[in-house]
Amino acid sequence: MIVVQTPAGQVAVQVSGTGEPLLLIPGFPLDHRMWNSQLRSLSQSFQVIAPDLRGFGASSKLGGSVSLRDYADDLIAIMEQLAPGRAFTVCGLSMGGYIAWQLVRNWPERVARLILCHTRAAADSPETARGRRIAIEAIRQSGPNAFLQAMLERVLGATTRQQQPELVARVQGWMAAAPAESLIQTLEALATRPDATPWLKAINCPTLVIAGTEDPITPAAEMRELAGQIAGSQFVLLEQVGHLSPCESPEHFDAVLQQFLRI
Ligand code: MLT
């Protein structure tokens with residue numbers, strides 16, 4: 001991995017391949033390892049750039065509160081160093097998608113294509129935000145284990161949990177690596193993020209929206225509706241995957257990306 005200095009701290013980035021830049025933004029509370037398959041398969045044709053967001057993986061710790069805009073600022077600083085002035089494809093999963101909205105809203109000229117996996121544009125409902133604050137309190141009082149166990153059961157589809165015990169253990173290990181303070185600060189950032197729905201009509205780059213049939217966090221019907229709000233976007237529903245299709249079914253996920261990217 002390389003380490004990129006941004007105005008806010010150090011961000012560790014896995015870079016693989018050469019060519020048109022492709023930025024992969026992880027979901028919460030994961031790091032670049034969730035893109036291991038894509039770092040291999042897409043690096044034949046792209047400069048694949050997979051950062052650990054600040055507070056996660058090998059990046060520097062969060063000094064205090066953080067917002068999704070802060071994460072987007074970090075990513076632009078990285079791209080300025082790795083692909084100066086160039087437009088790039090952005091692929092974000094869930095929270096990575098929330099950060100992608102920030103990129104396409106604030107730097108539309110830099111976003112050549114958008115790939116939105118298992119994400120939503122709407123802000124948290126009051127009930128969801130309340131649930132995150134309850135989780136923050138629980139992590140403060142008893143540590144993150146119970147929160148992470150509940151999250152693990154929701155991010156992986158039923159088929160994956162039954163058929164891929166090694167992947168379940170791997171994802172559990174990735175989640176366990178997240179520091180409690182990062183979980184707390186990022187949960188607060190998620191609870192206070194803006195509603196990106198009004199931004200959707202301005203998106204005019206080729207856009208792909210990917211959902212999974214077994215994803216309870218960002219259900220397929222909601223994602224289909226999201227795709228309907230982005231002019232000219234493509235919607236793909238992957239079978240037998242939950243919220244983490246790049247890990248749960250990398251062959252299908254990568255094939256969909258390759259078709260969209262015309263590799
Ligand atoms: C994620 O996978 O990034 C999270 O599920 C996002 C969220 O909780 O809204």
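On a predicted model such as this, the values are computed, not experimentally measured, just so you know. Numbering of ligands and ligand atoms starts at 1, following listing order.
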Just to check, does H118 reach to within less than 4.0 Å of ligand 1 when the distance is taken from its heavy atoms? no

Charged N to carboxylate O below 4.0 Å: is that the case for R120 and E222? yes

Closest to atom 4 (C) of ligand 1 among G92, S94, P29, A191 (heavy-atom distance): S94

Atoms in ligand 1 flagged as close to G27, the criterion being non-hydrogen separation under 4.0 Å: 3 (O)

Do V209 and V236 touch side chain to side chain, with heavy atoms closer than 4.5 Å? no

Tell me whether R120 has any N or O atom under 3.5 angstrom from an N or O of ligand 1. no

Angle class for the F28/F56 ring planes (parallel below 30°, perpendicular above 60°, tilted otherwise)? perpendicular

H243-ligand 1 polar pair, N/O distance under 3.5 Å: yes

Exercise: do T160 and E248 side chains pair donor with acceptor under 3.5 Å: yes

Suppose I only count heavy atoms of M95 and a 4.0 Å limit; which atoms of ligand 1 are within that range? 1 (C), 3 (O)

Less than 4.0 angstrom from a charged side-chain N to a carboxylate O is my criterion; do E188 and R193 meet it? no

H252 vs S245, side-chain hydrogen bond (donor to acceptor under 3.5 Å, both in side chains): CA-CA, chis, key distance, verdict: CA-CA 8 Å; H252 289 133; S245 60; over 6 Å; no

Return a yes/no value for I217: is any of its N or O atoms, backbone included, closer than 3.5 angstrom to an N or O of ligand 1? no

Look at atom 9 (O) of ligand 1 and say which protein heavy atom is nearest, naming residue and atom and giving the distance to 0.1 Å. Y98 OH, 2.6 Å

Do you know the tightest heavy-atom contact between D254 and S37? OD2-OG, 2.9 Å

Purely on distance, is any nitrogen or oxygen of F28 under 3.5 Å from one on ligand 1? yes

Measuring from non-hydrogen atoms of R132 to any atom of ligand 1, is the shortest distance under 4.0 Å? yes

